[in-house]
Amino acid sequence: MCGIAAVLARPSRRPAPSRDEVRRLLGEAVAALEPVWAGPPAPGDAAGMRAATAALGALDGALKGVPGLEAMLGDPSLEALVEETTAAVTSRLQSYESALDRSGLSETAGGIEDLNAAMVALRDSVWALAQDRLDALRNTRQLCLGLGLGAVPARAALGVAWSLHVALRSLDRLEVRGRDSAGLHLMLSGHGLDPTRPEVAALTAGRSG
């Protein structure tokens with residue numbers, strides 16, 4: 001089959017999240033889960049899981065798009081912190097689910113459905129950070145370096161690299177047949193470059209049409 005993926009992006013006006021904000025939200029999630037991990041599984045654990053999910057969801061929103069990439073590229077410690085925290089929560093959640101299976105809690109016990117729903121939501125929020133946000137960071141960083149934009153490019157250049165990441169990830173989801181014939185067309189507007197300048201002409205020579 002054939003497919004077309006179009007990415008229409010405009011400059012983001014949202015400020016990049018600060019290191020303190022990222023650490024605060026991760027800390028809130030970890031603190032909410034401490035009493036959950038401390039004892040045997042119980043229906044009342046759903047409240048702590050929901051609180052952790054809310055904090056991780058807020059962090060996922062803050063790290064989306066160019067502002068999130070700008071924050072993590074500018075402070076590499078944030079990538080490690082998000083990776084370590086999400087890996088730890090994933091591991092503890094797996095152990096919790098195993099303990100829940102062994103606990104003998106009846107599926108009809110009061111609050112068990114609420115607990116199951118809370119576990120699913122928590123797992124989804126962790127997955128979004130560990131996969132979507134970190135995947136976007138790592139792939140966009142490779143694109144920035146490959147395009148000669150530097151390790152921490154300006155926001156406008158970072159927006160171009162992020163759009164390319166989105167387009168390439170979209171192509172990954174298309175039918176694999178014909179992948180060798182896939183191509184990308186990049187159009188920029190409002191860039192302020194003069195195409196008649198020698199250095200600009202040298203960079204664009206043979207790339208139009």
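The figures that follow rest on heavy atoms only: side chains count, while hydrogens, waters and symmetry mates do not. Along the sequence shown, residues are numbered consecutively beginning with 1.
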For residues 29-40, please give each side-chain donor-acceptor pair under 3.5 Å, one per line with the distance, not counting sequence neighbours.
none

Quiz item: Excluding sequence neighbours, so at least two apart, what forms salt bridge (Lys or Arg N to Asp or Glu O under 4.0 Å) with Asp75?
Solution: Arg19
Quiz item: Under the 3.5 angstrom rule, does the side chain of Thr86 hit a backbone N or O of Val82 as a donor-acceptor pair?
Solution: yes
Practice problem: Might you point out which heavy atoms bring Ala52 and Leu122 nearest each other, and give the distance in Å? | Solution: CB-CD1, 4.1 Å
Quiz item: Mind checking what makes side-chain hydrogen bond (donor to acceptor under 3.5 Å, both in side chains) contact with Glu84, not counting sequence neighbours?
Solution: none
Quiz item: Can you list every side chain to side chain donor-acceptor pair (under 3.5 Å) pair that touches residues 46-57, not counting sequence neighbours?
Solution: Arg50-Asp114
Which side-chain N or O atoms in residues 56-64 pair as donor and acceptor under 3.5 Å with protein atoms at least two apart or in another chain?
from	atom 1	to	atom 2	distance (Å)
Asp60	OD1	Arg133	NE	2.6
Asp60	OD1	Arg133	NH2	3.4

Exercise. Would you give the length of the straight line joining atom CZ of Arg23 to atom OG1 of Thr85, rounded to the nearest 0.5 angstrom?
Key: 9.0 Å
Practice problem: Verify side-chain contact (heavy atoms from CB on, under 4.5 Å) between Ser103 and Leu100, making sure each step is shown before the conclusion. | Solution: CA-CA 5 Å; Ser103 69; Leu100 180 61; 3.8 Å; yes
Practice problem: Taking the side chain as every heavy atom from C-beta outward, state whether Asp132 and Trp127 have any pair of such atoms under 4.5 Å apart. | Solution: yes
Quiz item: Does some side-chain heavy atom of Arg24 sit less than 4.5 Å from a side-chain heavy atom of Pro17?
Solution: no
Donor-acceptor pairs are to be reported for all side-chain atoms of residues 134-160 against protein atoms at under 3.5 Å, with residues two or more places apart or in another chain.
from	atom 1	to	atom 2	distance (Å)
Asp135	OD1	Asn139	ND2	2.8
Asp135	OD1	Arg169	NH2	2.9
Asp135	OD2	Arg169	NE	3.0
Arg138	NE	Glu79	OE2	3.0
Arg138	NH2	Glu79	OE2	3.4
Arg138	NH2	Glu83	OE1	3.4
Arg138	NH2	Glu83	OE2	3.3
Asn139	ND2	Asp135	O	2.9
Thr140	OG1	Ala136	O	2.7
Arg141	NH1	Glu79	OE1	3.0
Arg141	NH2	Glu79	OE1	3.4
Arg141	NH2	Glu79	OE2	3.4
Arg155	NE	Glu70	OE1	3.3
Arg155	NE	Glu70	OE2	3.4
Arg155	NH1	Ser12	O	2.8
Arg155	NH1	Arg14	O	3.0
Arg155	NH2	Arg14	O	3.1
Arg155	NH2	Glu70	OE1	2.6

Quiz item: CG of Asp45 to CE of Met49: how many Å apart, nearest 0.5 Å?
Solution: 5.5 Å
